[in-house]
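To keep things clear, I will list the structure first and then write my remarks on it.
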Amino acid sequence: MVDTPTRLGTRAVAVLGAAVGIVIQYAPPFRWATGPRSRWIEPLRARMSQLLGAAFDDRAGPRSVTEAEYAGTLGGSLEEVETLLWNRGFRRNPLSRLKTRDGDPEVGSWVYRPRPLAERQLHLILFRTQAGRDAVDVYAHAEPSSVNPFVAAAHFDAAGQNVAEGVERTRNRLPLDVVRETPDPPEGPWSAA
């Protein structure tokens, strides 16, 4: 495949985004922006995703989750769920594209990587439960890491994304209740659902 100027520009932006992301996620002065107390960043992240999607590339803009991405439900308040995620090695994902469910925005984006430059990450998308109880619905997929400059372009293109892997890994890592039946997750990106 021949790289066009547009594709080269997208790759350059992806690499720059990865560099910014790794600093925000792992550099000591910024780590405060990735924990449970950094809830303030969620509205800012949502607005930036809307603006970038409209002005730069729709792949940076909001997208709807699919029911195949549903991994399960965690009981407890959003604060309790985010503390659980933090204690299990997850980090808030402040540069993530906004996800929606039935037109409602997610309430949090979290990611797990075994090390900063891991090639793959487990991405969790949180929504307040629709059942009216104190719980959080968790949607998931596995994908190339957004903060590794060597695979950031693949992340941005959703190449190598795998919903089935993400749902399975999430169900193995967290004490989820699967409270509704969903389609079988695809062995590929969310768009394959």
Side-chain angles (χ1 to χ4, degrees), residues 14 16-53 60-65 69-118 120-149 152 155-156 166-167 169-177 179:
L16 177 62
V20 169
I22 202 163
V23 169
I24 290 172
Q25 291 265 304
Y26 297 101
F30 297 102
R31 286 183 35 181
W32 55 268
T34 62
R37 294 187 186 145
S38 55
R39 169 133 291 292
W40 59 270
I41 207 162
E42 292 297 338
L44 177 64
R45 180 178 67 84
R47 185 68 183 134
M48 288 303 298
S49 178
Q50 292 166 339
L51 291 172
L52 288 172
R63 79 148 172 102
S64 295
V65 293
E69 290 176 278
Y70 173 74
T73 300
L74 286 169
S77 68
L78 179 59
E79 293 76 18
E80 291 168 331
V81 166
E82 289 187 332
T83 298
L84 170 75
L85 294 176
W86 180 254
N87 290 338
R88 295 209 176 187
F90 288 84
R91 295 174 177 275
R92 190 177 301 279
N93 197 9
L95 298 180
S96 175
R97 159 190 206 180
L98 177 68
K99 313 301 185 296
T100 61
R101 179 178 67 181
D102 300 328
D104 295 326
E106 66 186 296
V107 294
S109 175
W110 286 75
V111 67
Y112 174 80
R113 297 177 200 96
R115 60 194 175 286
L117 287 177
R120 293 191 62 76
Q121 65 186 22
L122 175 59
H123 186 179
L124 305 184
I125 304 128
L126 309 180
F127 291 92
R128 293 190 192 281
T129 187
Q130 294 175 324
R133 55 179 220 190
D134 205 14
V136 175
D137 291 335
V138 180
Y139 289 69
H141 54 260
E143 61 193 344
S145 175
S146 61
V147 300
N148 181 330
H155 171 88
F156 195 70
V167 168
R169 285 179 59 196
T170 302
R171 288 177 177 169
N172 288 334
R173 289 189 70 80
L174 297 174
L176 296 165
D177 291 323
V179 298

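Heavy atoms only: backbone and side chains are in, while hydrogens, waters and symmetry mates are out. Remember, predicted model here, so these are calculated numbers, not experimental data.
Nearest approach of Tyr70 to Asp177, heavy atoms of both residues: OH-O, 3.5 Å. Heavy-atom minimum distance, Val81 versus Gly75: CG2-O, 4.0 Å. The minimum heavy-atom distance between Gly76 and Glu80, with the atom names listed, is CA-OE1, 3.1 Å. Of all non-hydrogen atoms in Ser146 and Ala152, the two that sit nearest each other are O-CB, 4.2 Å. Of all heavy-atom pairs between Thr73 and Ala135, the closest is CG2-CB, 3.6 Å.
In terms of modelled atom types and a separation under 3.5 Å, the side chain of Arg171 and the main chain of Ala71 share a donor-acceptor contact.
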Chi angles and distances behind the side-chain contact (heavy atoms from CB on, under 4.5 Å) call for Asn93, Leu124: CA-CA 9 Å; Asn93 197 9; Leu124 305 184; over 6 Å; no
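Residues passing the side chain to side chain contact (heavy atoms under 4.5 Å, CB included) test with Arg169 are Tyr112, Leu122, Ala142, Glu165, sequence neighbours excluded. The side chain to side chain donor-acceptor pair (under 3.5 Å) check on Ser145 picks up Arg113, with sequence neighbours excluded. Residues satisfying the side chain to side chain contact (heavy atoms under 4.5 Å, CB included) criterion with Ser64, sequence neighbours excluded, are Thr100. Under the side chain to side chain contact (heavy atoms under 4.5 Å, CB included) criterion, Arg101 pairs with Val65, Glu67, Phe127, Gln130, Asp137, Tyr139, Arg180, sequence neighbours left out. Remark: Glu82 engages Arg39, Arg92 in a salt bridge (Lys or Arg N to Asp or Glu O under 4.0 Å) (not counting sequence neighbours). The side chain to side chain contact (heavy atoms under 4.5 Å, CB included) check on Pro175 picks up Leu74, Leu84, Arg88, with sequence neighbours excluded.
Between Arg128 and the options Asp104, Asp134, Val107, a side-chain contact (heavy atoms from CB on, under 4.5 Å) holds for only Val107.
His141 and Glu143 are linked by a side-chain donor-acceptor pair at a separation below 3.5 angstrom, with hydrogens and angles left out of the test.
Counting heavy atoms from C-beta outward, Phe90 and Pro36 have side chains that stay 4.5 Å or more apart. For the pair Leu117/Pro149, a side-chain contact is recorded, criterion being any heavy-atom separation below 4.5 Å from C-beta on. The side-chain heavy atoms of Leu126 and Leu85, taken from C-beta on, include a pair separated by under 4.5 Å. When side chains are defined from C-beta on, His123 does not count as touching Trp110, because their heavy atoms never get closer than 4.5 Å.
Put simply, CD1 on Ile41 and OG on Ser109 are 11.0 Å apart, with the number rounded to the nearest 0.5 Å.
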